[in-house]
Chemist: 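Following this message is one structure expressed as structure tokens.
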Amino acid sequence: KAGVTQTPRYLIKTRGQQVTLSCSPISGHRSVSWYQQTPGQGLQFLFEYFSETQRNKGNFPGRFSGRQFSNSRSEMNVSTLELGDSALYLCASSLVGVPYEQYFGPGTRLTVT
Amino acid sequence: EDKVVQSPLSLVVHEGDTVTLNCSYEVTNFRSLLWYKQEKKAPTFLFMLTSSGIEKKSGRLSSILDKKELFSILNITATQTGDSAVYLCAGYFSGYALNFGKGTSLLVTP
């Protein structure tokens with residue numbers, strides 16, 4: 001079974017621009033979560049989607065948004081990029097109804113200059 | 001506020017040593033605790049623990065949870081250089097978010 005896939009793997013953007021990252025979950029997984037990983041803060045939860053509904057949101061500004069499509073694929077968007085948004089963005093998927101084993105994709109490395 | 005604290009933050013051992021990594025948590029509503037291994041890429045799932053006192057094992061790795069004392073340990077026996085990684089502990093406490101600790105960076109030297 002194919003794992004979680006994320007595109008693109010690397011991205012360089014300029015301050016003020018916006019970016020969209022994509023995540024395809026493991027087949028059959030309907031819950032998708034997004035995390036930001038930085039050296040200083042570690043892994044921090046952004047949001048979680050199930051059945052196209054955001055069920056949980058972390059403590060991030062409104063510039064961070066996401067959505068999920070009917071095929072469970074998910075996208076996250078960051079508008080008005082800041083230097084501090086440079087990070088590894090990780091997507092994880094899980095089955096719903098089993099106790100919450102989340103499987104991570106390879107991540108998108110975003111660099112904001 | 002829910003919190004996960006891992007110790008030590010870093011560790012250097014020789015091949016063949018046994019290591020114990022610690023994870024303690026302060027939560028309002030515990031549901032499960034997970035361990036991940038992260039090399040220079042995405043975290044890889046190791047174990048999920050929901051019940052106290054039941055050991056999970058996979059080869060040289062094992063983990064156990066103590067819900068009364070609010071901690072978990074990850075043991076690695078007969079360490080190998082390939083065990084060098086950051087080990088992350090995370091908890092499902094409320095909502096649908098994993099709450100991660102800062103990780104323990106393990107270096108196994110030949």
Side-chain angles (χ1 to χ4, degrees), chain A residues 1 3-7 9-10 21 23-26 29-51 53-60 66 68 74 87-109, chain B residues 1-10 21 23-25 27-52 54 56 58 61 63 65 67 72 85-106:
Chain A
K1 194 183 265 193
V4 178
T5 58
Q6 292 186 246
T7 57
R9 294 292 310 280
Y10 302 91
L21 312 181
C23 171
S24 293
I26 292 171
H29 285 194
R30 294 169 61 197
S31 170
V32 174
S33 299
W34 288 89
Y35 296 84
Q36 181 196 66
Q37 187 173 32
T38 59
Q41 298 298 318
L43 264 155
Q44 293 186 287
F45 172 76
L46 281 157
F47 23 67
E48 188 263 356
Y49 287 89
F50 169 66
S51 284
T53 299
Q54 185 183 92
R55 297 194 296 183
N56 218 158
K57 188 177 195 314
N59 190 24
F60 280 82
Q68 187 181 34
S74 177
L88 180 66
Y89 290 89
L90 291 162
C91 166
S93 74
S94 68
L95 289 168
V96 179
V98 296
Y100 316 117
E101 294 177 17
Q102 287 193 1
Y103 295 90
F104 284 83
T108 294
R109 173 73 64 185
Chain B
E1 184 182 317
D2 295 338
K3 193 164 67 171
V4 176
V5 178
Q6 293 187 246
S7 65
L9 289 180
S10 65
L21 310 182
C23 175
S24 64
Y25 56 92
V27 300
T28 52
N29 180 27
F30 176 87
R31 290 194 281 176
S32 60
L33 190 133
L34 291 80
W35 284 95
Y36 288 87
K37 175 184 181 182
Q38 186 174 28
E39 297 166 273
K40 291 189 185 298
K41 50 186 178 179
T44 303
F45 174 78
L46 294 174
F47 299 112
M48 185 176 68
L49 304 151
T50 55
S51 302
S52 202
I54 297 177
K56 292 280 185 92
S58 177
L61 277 66
S63 183
L65 175 69
K67 287 170 76 172
S72 175
V86 174
Y87 290 84
L88 296 162
C89 170
Y92 266 115
F93 305 135
S94 58
Y96 302 94
L98 274 175
N99 189 331
F100 280 87
K102 297 289 190 202
T104 293
S105 178
L106 174 65

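Throughout, a chain's letter reflects where its sequence line sits, starting with A, and its residues are numbered from 1.
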Chemist: Report which part of B:Phe47 has an atom under 4.5 Å of a heavy atom belonging to chain A: side chain, backbone, both, or neither.
Modeler: neither
Chemist: Which bit of A:Gln102 comes within less than 4.5 Å of chain B, counting heavy atoms only: side chain, backbone, both or neither?
Modeler: both
Chemist: Please flag which part of A:Leu90 lies under 4.5 Å from any non-hydrogen atom of chain B: side chain, backbone, both or neither.
Modeler: side chain
Chemist: Is A:Gln37 in contact with chain B via its backbone, its side chain, both, or neither, using a 4.5 Å heavy-atom distance?
Modeler: side chain
Chemist: Can you measure from CD (A:Glu101) to OH (B:Tyr92) and round to the nearest 0.5 angstrom?
Modeler: 9.5 Å
Chemist: Give the minimum heavy-atom separation between A:Gly105 and B:Ala42, together with the two atoms involved.
Modeler: O-CB, 2.6 Å
Chemist: Should the heavy atoms of other residues, nucleotides or ligands under 6.0 Å from CG of A:Asn59 be counted, would the total exceed 12?
Modeler: no
Chemist: By a 4.5 Å heavy-atom criterion (distance strictly below it), what part of A:Phe47 contacts chain B: side chain, backbone, both, or neither?
Modeler: neither
Chemist: So do B:Leu98 and A:Tyr35 actually touch side chain to side chain, heavy atoms under 4.5 Å?
Modeler: yes
Chemist: Tell me the closest heavy-atom pair linking B:Pro43 and A:Phe104, and the distance in Å.
Modeler: O-CB, 3.6 Å
Chemist: Roughly how far, to the nearest 0.5 Å, is the OG atom of A:Ser94 from the CZ atom of B:Phe45?
Modeler: 11.0 Å
